[in-house]
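Let me begin by presenting the structure, written as structure tokens, before commenting on it.
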Amino acid sequence: GVWRQTKALLFKNCLIKCRTKKSSVQEVLFPLFFLFWLILMSMMHPHRKYDEVANANLGTLDTSMLVNFVIGYTPPTRMAREIMKKVAFDNFEDGIITEEYLSEEELQEASAFKPSNFVGVVFNDAMSYQLRFPDSVAMSSIYMESR
């Protein structure tokens, strides 16, 4: 019954493997080659682990760079207005210019016409947001590997 059919099938597969030695060796060696290649690549670019940074007083913020700094935000909800008011006046003596926009498209258009000191904030809800920088902002080379 079943044992005889299983034994016949195993014998047939062994005969096929013996007759096609080249493809049988390739079936074994190609995965081993790719495994070796992955191990080699991971050894060439090891993951960096950064230690925890202790709390430290960083001193006062140099506000001279923030002169005429503009933060645009959308949507103009009550919570967004409160958050942006706190950002503009509680943290800086002179305050930062905040502008509200009705939609994200208006925010993008405004950032195209504004100088390079414009940053957009898009509030997804009361607890999350996304920052929108103009294309002229230079990206740090430190974080290029992690992308």
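All of these numbers come straight from a predicted model, not from anything done at the bench.
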How many angstroms lie between [atom1] in [X] and [atom2] in [Y], if you round to the nearest 0.5 Å?
X     : Y      : atom1 : atom2 : result
Ile83 : Thr77  : CD1   : OG1   : 7.5 Å
Ile97 : Phe118 : CD1   : CZ    : 11.0 Å
Arg4  : Leu9   : CZ    : CG    : 14.0 Å
Met84 : Glu100 : CE    : CD    : 10.5 Å
Glu27 : Thr20  : CD    : OG1   : 7.5 Å
Ile16 : Phe11  : CD1   : CZ    : 11.0 Å

Query raised in the report: Which residue pairs pass the side chain to side chain donor-acceptor pair (under 3.5 Å) test with at least one member in residues 120-129, sequence neighbours excluded?
Result: Asp125-Ser128
Report task. State plainly whether the residues Lys86 and Glu82 are in salt-bridge range, i.e. N to O under 4.0 Å. Result -> no
Grab the two heavy atoms, one from [X] and one from [Y], that are nearest each other, plus how far apart they are.
X      : Y      : result
Pro76  : Tyr101 : CD-O, 3.2 Å
Leu107 : Thr74  : CD2-CG2, 4.1 Å
Pro75  : Ala80  : O-CB, 3.5 Å

Any link between [X] and [Y] through a network of hydrophobic side chains (Ile, Leu, Val, Met, Phe, Trp, Tyr) touching at under 4.5 Å?
X     : Y      : result
Leu35 : Met43  : yes
Ile71 : Leu131 : yes
Trp3  : Leu10  : no

